[in-house]
Amino acid sequence: MTAVKKAKSPAASRGLLPTDATGKFAGQMQILGLESLRRRIGQSWEKHHKTIHLAIDNIISTHLGPQDLATIVGEDHYILIFAHADEKEAKQISFKIAQAVCAALVGEENSQLIKVRTQVGTVQKTDIGDIVFAPLAEPEEISAPPSAEAEPVSIDGPAFKVAVKKVVNSRKNAQKSYEIGFYPIWNMRHEVLVGYAMLPLRRNGLGQTIREHAVLNEGASDTDHQRLDVNLLESKIEMAAELYQNSFTSLLLTQIHYRTLSSAAGREEVMNTVREIPTFLQKTLMVEIVGIPDNTPPSIVTQRAGSLSSFFRALTIRIPRLDYPVEDCVAMKASAVAFSLSPKMKNADLLNGAREMIQKARAEKLMTTFEGVSNFDLVEPLKEAGAVFISGDILGGPYDIPGNMKPLTLRQIRQGETSPT
């Protein structure tokens, strides 16, 4: 084990290699050997290896701290470097990871399918960024030998996809009481389902669906909004990577509340997250700023949100009212403006205001989105007025997974043919 490249995982991208001046680890190093697990899964390992490693990466990231590091070695070994944990704690965390991986992939918390070893050594980085590791002693194996091999398990089919989806979202779901739903976005102009809005949702005691930032409890703090927004951004990046690996072309949109961007800490965490977006994924990701208080000077919004535009295909500003000066959104570096329909608005009033908004937006070369559309009577007039995108109940959802971009006519929407599968 000599040259080891950094893993392209959330855990690896957040951490810095914790070494002192001599190259010795400032914490404990653990090695996870997945050879037995790989044999147990059988041929499905090769077929689904990208998805399997995506799931494992997310399980590992659930257990690691911000300065810990995870690195994949070959196809069936992971190195875990703990910046501050002592040997006992590092072992305990490693066993928990082993149990969680086995539970997710073979349906049982059999940590004996994964060897856990403690290793010490020195590290250096090469000129091309690889990590070179030199062991100082033979690794100490601290788990029991794998039990007798069982018949390979099958992980093909919908059940595995659902299980992996749960794993992918495990870190996000661990500290929240909401789910993530995928809501279709329709390009009216070209009659194409172009992507999905990834929105948090929960259901109240009456069976009603609560969406967006309303999922937070009343009186939620700025930190609560910040945690929600960053979790959604991380989920979107991971989902986009999975779609990219499977040659999907769907766009994904998440929202950031203005409250998150109103504090220096919130802006810093958001920017740290979006800077991790690979360049090749930026063309598939969109972001929408919501919750901007009316009469907020556009210069303040630009200062807090404008820098996001360079990391996404589109930056959308949700305006608080239809007669909002959309030219201000240009100063905010937006590429689209959005308006969320209220069920209390009459169709006639909505359409009159929408037509004026669309005309002003087109003059500023801004795209327009109307959200929360639940009435088919509004679709044709909005399309004729020049609206570009709509989303809402008429498109169905929420769906558990996103689909690919595809042609979608109004007739198909009326017939309920919007499902991603």
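We use all heavy atoms of the structure for the numbers below, so side chains are in, but hydrogens, waters and symmetry mates are not. Along the sequence shown, the residues carry numbers beginning at 1.
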_Interatomic distance, Leu32 atom CG to Ile60 atom CD1 [nearest 0.5 angstrom]_ = 6.0 Å

*asked:* Could you walk me through whether Trp45 and Ile52 satisfy the side-chain contact (heavy atoms from CB on, under 4.5 Å) test, starting with their C-alpha distance in whole Å, then the side-chain angles of each, then the deciding distance to 0.1 Å, before giving a yes or no?
replied: CA-CA 7 Å; Trp45 181 284; Ile52 289 171; 4.2 Å; yes

_Nearest non-hydrogen partners of Ser250 and Gly195, listed with the distance_ = CB-CA, 4.4 Å

*Intermediate values then yes/no, side-chain contact (heavy atoms from CB on, under 4.5 Å), Leu285 and Leu251*: CA-CA 6 Å; Leu285 302 181; Leu251 307 179; over 6 Å; no

*Okay, side chain of Thr418, backbone of Leu395: is any donor-acceptor separation there less than 3.5 Å?*
yes

*asked:* If you define the side chain from C-beta out and look only at heavy atoms, does anything of Ile300 sit under 4.5 Å from Pro297?
replied: yes

*asked:* For the backbone of Val215 and the side chain of Arg202, can you confirm whether one donor and one acceptor N or O come within less than 3.5 Å of each other?
replied: yes

*asked:* Counting C-beta onward and ignoring hydrogens, is there a side-chain heavy-atom pair between Val274 and Met271 closer than 4.5 Å?
replied: yes

_Nearest 0.5 Å, please: how far is CG in Leu37 from CZ in Arg39?_
10.0 Å

*Would you mind checking if Glu191 and Lys383 are paired as a salt bridge, meaning a charged N to carboxylate O distance below 4.0 Å?*
yes

*Sub-3.5 Å donor-acceptor pair from the side chain of Gln412 to the main-chain atoms of Thr409, do we have one?*
yes

*Evaluate the criterion side-chain contact (heavy atoms from CB on, under 4.5 Å) for residue pair Gln255 and Met198; output intermediate values, then yes/no.*
CA-CA 8 Å; Gln255 299 172 342; Met198 294 179 60; over 6 Å; no

*Over all heavy atoms of both residues, which pair between Gly306 and Ser309 is shortest? Give the atoms and the distance, please.*
O-OG, 2.9 Å

*Does atom NZ of Lys406 have more than 12 heavy-atom neighbours, drawn from other residues, nucleotides or ligands, at distances under 6.0 Å?*
yes

*Validation row: Ile185, Leu253 side chains within 4.5 angstrom (heavy atoms)*: yes

*Measure the shortest side-chain to side-chain distance between Val337 and Glu364 over non-hydrogen atoms and say whether it is less than 4.5 angstrom.*
no

*Is there side-chain contact between Ile72 and His77, with at least one heavy-atom pair below 4.5 Å?*
no

_Any donor-acceptor N/O pair, Asn404 side chain to Thr249 backbone, under 3.5 Å_ = yes

*Using the six-membered ring wherever Trp is involved, compare the ring planes of Phe280 and Tyr244 and label them parallel, tilted or perpendicular (cut-offs 30° and 60°).*
tilted

*Member of Glu269, Arg267, His257, Glu268 meeting the side-chain hydrogen bond (donor to acceptor under 3.5 Å, both in side chains) criterion with Gln226*: Glu269

*Considering all heavy atoms of both residues, which atom of Ile358 and which atom of Ala385 are nearest to each other, and what is their separation?*
CG2-O, 3.2 Å

*Any donor-acceptor pair under 3.5 Å linking the side chain of Trp186 with the backbone of Leu408?*
yes

*asked:* When you compare the side chain of Leu228 with that of Pro200, does any pair of heavy atoms fall below 4.5 Å?
replied: yes

_Closest approach of Phe376 to Ile413 (non-hydrogen atoms, all atoms of both residues)_ = CE2-CG2, 3.7 Å

_Check whether Asn187 reaches the backbone of His190 with its side chain - one donor and one acceptor, N or O, closer than 3.5 Å._
yes

*Any side-chain donor paired with an acceptor under 3.5 Å for Asp229 and Thr260?*
yes

_Against Thr254, only a single residue in Glu234, Glu288, Lys236 fulfils side-chain hydrogen bond (donor to acceptor under 3.5 Å, both in side chains); can you say which?_
Lys236

_Value rounded to 0.5 Å, distance of CD in Gln303 from CE in Met332_ = 12.5 Å

*Would you call Phe248 and Met405 a side-chain contact if the rule is heavy atoms closer than 4.5 Å?*
no

*Report the C-alpha separation of Lys346 and Asp349 in whole Å, then their side-chain angles, then the decisive distance to 0.1 Å, and conclude whether the salt bridge (charged side-chain N to carboxylate O under 4.0 Å, His left out) test is met.*
CA-CA 5 Å; Lys346 295 181 179 179; Asp349 295 337; 5.5 Å; no

*Hey, what do you get for CD (Glu371) to CG (Leu199), rounding to the nearest 0.5 Å?*
8.5 Å

*Please round to the nearest 0.5 Å and tell me the distance separating atom CG of Leu281 and atom CD of Glu238.*
11.5 Å

*Identify, with sequence neighbours excluded, every residue that meets salt bridge (charged side-chain N to carboxylate O under 4.0 Å, His left out) alongside Arg321.*
Asp294, Asp323

_Closest heavy-atom pair and its distance - Leu252, Ala240_ = CD1-N, 3.8 Å

*Taking Ser335 for the side chain and Leu315 for the main chain, is one N or O donor matched with an acceptor at less than 3.5 Å?*
yes

_Using a strict threshold of under 4.0 Å (side-chain N to carboxylate O), is an ion pair present between Arg318 and Glu212?_
yes

*So do the side chains of Phe370 and Met357 get within less than 4.5 Å of each other, counting heavy atoms only?*
yes

*Short question: side chain of Thr302, backbone of Ala331 - any donor-acceptor pair under 3.5 Å?*
yes

*On the 0 to 90° scale, with breaks at 30° and 60°, tag the His225-His213 ring pair as parallel, tilted or perpendicular.*
parallel

*asked:* Walk me through whether Val301 and Ile292 qualify under side-chain contact (heavy atoms from CB on, under 4.5 Å).
replied: CA-CA 8 Å; Val301 181; Ile292 299 176; 3.9 Å; yes

*Arg259 and Ser262: side-chain donor and acceptor closer than 3.5 Å?*
no

*Gln415 side chain to Arg411 side chain, donor-acceptor N/O pair below 3.5 angstrom*: yes

*What distance separates Ile237 CD1 from Gln282 CD, expressed to the nearest 0.5 Å?*
10.0 Å

*Grab the two heavy atoms, one from Pro381 and one from Arg355, that are nearest each other, plus how far apart they are.*
CB-NH2, 4.2 Å

_Exercise: do Thr296 and Tyr258 side chains pair donor with acceptor under 3.5 Å_ = no

*Within a reach of under 6.0 Å around CZ of Arg362, are more than 12 heavy atoms found that belong to other residues, nucleotides or ligands?*
no

